[in-house]
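Written out below as structure tokens is the structure these notes cover.
Chain naming here is simple, since letters A, B, ... match the order of the sequence lines and numbering starts at 1 in each.
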Protein chains: 2
Amino acid sequence: MARTTPTGGPKKGSVTLALVAQRAGVSVQTVSNALNSPGLLAPRTLKRVQEAISELDYRPHQAARSLRTRSSRLIGYGIQPQPNGLSTPVLDDFLHALSDSADKAGYRVLLFAAPVGADDEADRYDELLREHSVDAFVLSGTYRGDRRPGWLHKRGIPFVAFGRSWSARDTGDWVDVDGAHGTAAAVDHLVAAGHRQIAFLGWPRGSGVGDDRAQGWREAMRRHELPVRDLRVSSLNDVDAARDAVGRILAKATAVVAASDTLALGCYRALRDSGRSPGQDVAVVGFDDSPAAGLLSPSLSSVRQPLEEVGRACTRQLMSRINDPQADPEHVLLTPELIVRESSAAVLPH
Amino acid sequence: MARTTPTGGPKKGSVTLALVAQRAGVSVQTVSNALNSPGLLAPRTLKRVQEAISELDYRPHQAARSLRTRSSRLIGYGIQPQPNGLSTPVLDDFLHALSDSADKAGYRVLLFAAPVGADDEADRYDELLREHSVDAFVLSGTYRGDRRPGWLHKRGIPFVAFGRSWSARDTGDWVDVDGAHGTAAAVDHLVAAGHRQIAFLGWPRGSGVGDDRAQGWREAMRRHELPVRDLRVSSLNDVDAARDAVGRILAKATAVVAASDTLALGCYRALRDSGRSPGQDVAVVGFDDSPAAGLLSPSLSSVRQPLEEVGRACTRQLMSRINDPQADPEHVLLTPELIVRESSAAVLPH
DNA sequence: GGGTGAGTTTTGATCGATCCAATCAACGAG
DNA sequence: CTCGTTGATTGGATCGATCAAAACTCACCC
């Protein structure tokens with residue numbers, strides 16, 4: 001079917017195991033074994049079968065396999081609808097990375113719409129599981145009180161979360177990026193450039209991710225024996241809100257570490273509003289290295305999450321979890337990288 | 001299975017048609033008909049069967065259906081690996097919209113890695129088709145000389161492209177956004193604000209999308225009887241390249257329409273390098289309304305593509321094409337919206 | 001020379017839904 | 001009272017792969 005040469009192609013629709021078997025002069029089961037447990041075959045037979053397979057350009061039919069084995073080589077990924085046109089570049093990049101590495105492992109990613117915390121949330125997962133025999137799920141954007149990990153774990157369904165399970169009992173595998181390490185690295189970098197009054201602009205307490213990033217800043221400050229009093233402010237993840245919030249600390253800080261690039265942008269605004277210039281008068285470091293960071297003027301230093309690695313780690317964990325559903329949960333914590341740009345490049349006079 | 005009430009749940013694994021049939025006191029075939037051709041059943045029987053279905057929380061097993069019917073309710077979408085970490089927010093937003101609207105139509109999006117123009121490009125599509133019985137494909141980022149539309153069309157495989165097929169014969173369905181209309185709207189807006197020297201910063205000729213956007217600018221300028229001579233420059237889609245390229249026209253232009261937000265950013269840089277300020281001294285309008293646009297200072301006016309609508313239109317076209325593979329190709333051209341922000345808000349003195 | 005057994009290969013049943021053709025019931029026309 | 005017709009329902013056969021278990025092929029040993 002791949003080559004529609006009018007000359008020799010098979011007339012009927014599809015190339016099946018039976019056809020390959022006939023061509024190779026063996027039984028269907030032998031061909032199946034050639035694919036799934038090649039070790040069982042005598043070398044000569046194996047070679048003959050493999051030749052027949054490639055000559056006919058045979059492709060196993062997943063539906064048939066899936067019907068028998070109840071596994072589909074599919075990984076479910078619920079994309080949550082954006083609140084209001086707000087896109088989440090980090091998760092999209094992650095999805096790319098995930099899909100790439102899953103594809104290399106012979107798996108495909110199946111998208112479905114997952115309502116954020118709806119009552120029938122579990123139903124969507126159940127549906128995918130039973131209709132499509134999905135082998136595993138990848139969760140992203142887990143939050144405190146997220147019921148999905150528990151639900152999946154209880155049922156013994158393989159899954160990996162991108163993001164620690166911040167809930168009380170941590171159950172199931174996850175891969176995450178060490179946000180605290182990222183903000184700490186930012187502090188170290190700023191200290192090395194001569195800063196001593198380094199503020200943190202974060203999100204309201206209670207969002208695992210945000211608290212983690214705040215924690216990194218706090219500990220790094222303590223390590224450098226620098227005060228943190230009155231140097232922390234919180235704001236929703238919105239440029240204008242951040243601009244308003246950051247005002248009061250810009251008087252006493254020479255540098256700001258922000259929990260996101262959006263917050264950092266708010267910082268830019270606040271500085272410009274007060275006639276000062278980001279990067280020159282006050283250093284700013286963001287988080288996530290969103291596409292915009294490199295484009296800004298001055299370009300924004302930011303902490304980049306190693307999303308390709310996260311994707312690979314997720315795939316790796318899924319594979320081993322699929323092979324051994326009973327194994328103990330594994331956790332992978334990856335280290336982000338500080339990208340230094342103009343906004344924090346200036347060195348303070350000593 | 002959804003409710004794991006220990007009381008009455010079925011012992012064995014899955015709820016099948018046979019089980020439902022038994023419960024409703026009819027044959028399997030009748031249950032199948034209840035789902036696929038309800039009109040065939042007597043109202044009373046239909047009701048009885050439907051009750052049994054919902055009581056048992058029956059879910060049809062796609063693999064079994066697919067094995068028989070060779071259709072899977074899956075839509076293939078090849079995500080191309082980013083050249084070098086460069087993310088494409090527009091395509092990601094589109095993917096969200098597509099997945100959402102497909103989901104509502106009972107279809108799911110299946111991701112796979114599609115090498116950009118490799119020799120075995122077609123093989124990946126063929127693979128998905130034969131292994132997963134994908135019902136249709138969605139193409140994005142089509143380019144001049146793209147062989148995928150022709151390949152799919154020749155084989156009678158349903159597909160929709162997001163983006164006109166810029167090649168000679170346009171073959172197959174597509175949905176696209178009227179880029180020319182977008183740049184024309186930008187020109188109109190700038191003219192209304194008093195500008196007369198309006199430059200266009202585009203990509204090198206030859207990229208369907210880019211030429212289309214340039215065309216819109218040119219025609220709008222002619223309509224307003226304004227000169228275009230020496231007001232067009234080209235650059236690769238890179239901030240620094242754009243900054244360098246735009247230099248020579250910033251002397252004679254009071255406004256710039258750019259073919260992308262990235263190019264517009266290059267414009268910002270060039271202006272600042274020469275001591276002028278975007279929005280104040282020279283108006284700038286970008287294209288795509290990337291997340292960064294609203295965050296910049298000054299915020300960047302930009303032409304927004306109606307991606308939700310594009311997604312819906314793609315799904316709609318796919319559905320009708322799946323129902324009638326022979327029908328004539330349809331084309332949908334949607335109108336983008338100019339989002340006016342600070343970078344083009346100032347009105348020139350008369 | 002038949003039994004033993006490891007190594008290969010084959011046979012038959014099975015997964016769950018849909019296709020096609022056949023059956024059954026009801027009813028009015030001849 | 002039988003026949004034909006329409007409408008509703010049912011009975012196998014089937015899609016293409018995998019599983020479990022049987023069967024075959026040798027070489028080897030008592």
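- Rounded to an integer number of Å, the gap from CG of B/Asn36 to P of D/dT9 is 16 Å.
- Contacts of residues 43-52 of chain B with DNA chain D (heavy atom under 4.0 Å): B/Thr45.
- B/Thr16 comes within 4.0 angstrom of sugar-phosphate atoms only, judged by non-hydrogen atoms across all strands, and of no base.
- Note on ring orientation: taking the six-membered ring where Trp is involved, the planes of B/Phe162 and B/Phe94 are tilted (angle from 30° to 60°).
- Within the structure, every side-chain polar atom (N or O) of A/Ser32 is placed at least 4.0 Å from both OP1 and OP2 of D/dA17.
- Atom C1' of nucleotide D/dT10 and atom CG of B/Leu17 are separated by 14 Å, given to the nearest angstrom.
- Minimum heavy-atom separation, B/Leu318 to B/Val138: CD1-CG2, 3.7 Å.
- Whole-Å rounding puts the A/His61 NE2 to D/dT14 C1' distance at 13 Å.
- Between B/Ala18 and A/Val26, it is A/Val26 whose nearest contact on DNA chain C lies nearer the 5' terminus.
- Reading DNA chain C from its 5' end, the first and the last nucleotide to sit under 4.0 Å from a heavy atom of chain B are C/dG16 to C/dC20.
- Annotation for B/Glu121: atom CD counts as buried by contact number, over 12 foreign heavy atoms lying within 6.0 Å.
- A/Ser27 comes within 4.0 angstrom of a nucleotide base, judged by non-hydrogen atoms across all strands.
- In this structure, the side chain of B/Asp92 does not engage the main chain of A/Asp92 through any donor-acceptor pair within 3.5 Å.
- In this entry the distance linking CG of B/Leu40 with C1' of D/dT9 reads 10 Å, nearest Å.
- Residues from residues 62-69 of chain A with heavy atoms under 4.0 angstrom of DNA chain D, sorted by number: A/Ala64, A/Arg65, A/Leu67, A/Arg68, A/Thr69.
- B/Tyr77 and B/Ser140 share a donor-acceptor pair across their side chains, judged by distance under 3.5 Å alone.
- Shortest non-hydrogen contact noted between B/Asp146 and B/Gly141 is OD2-O, 4.3 Å.
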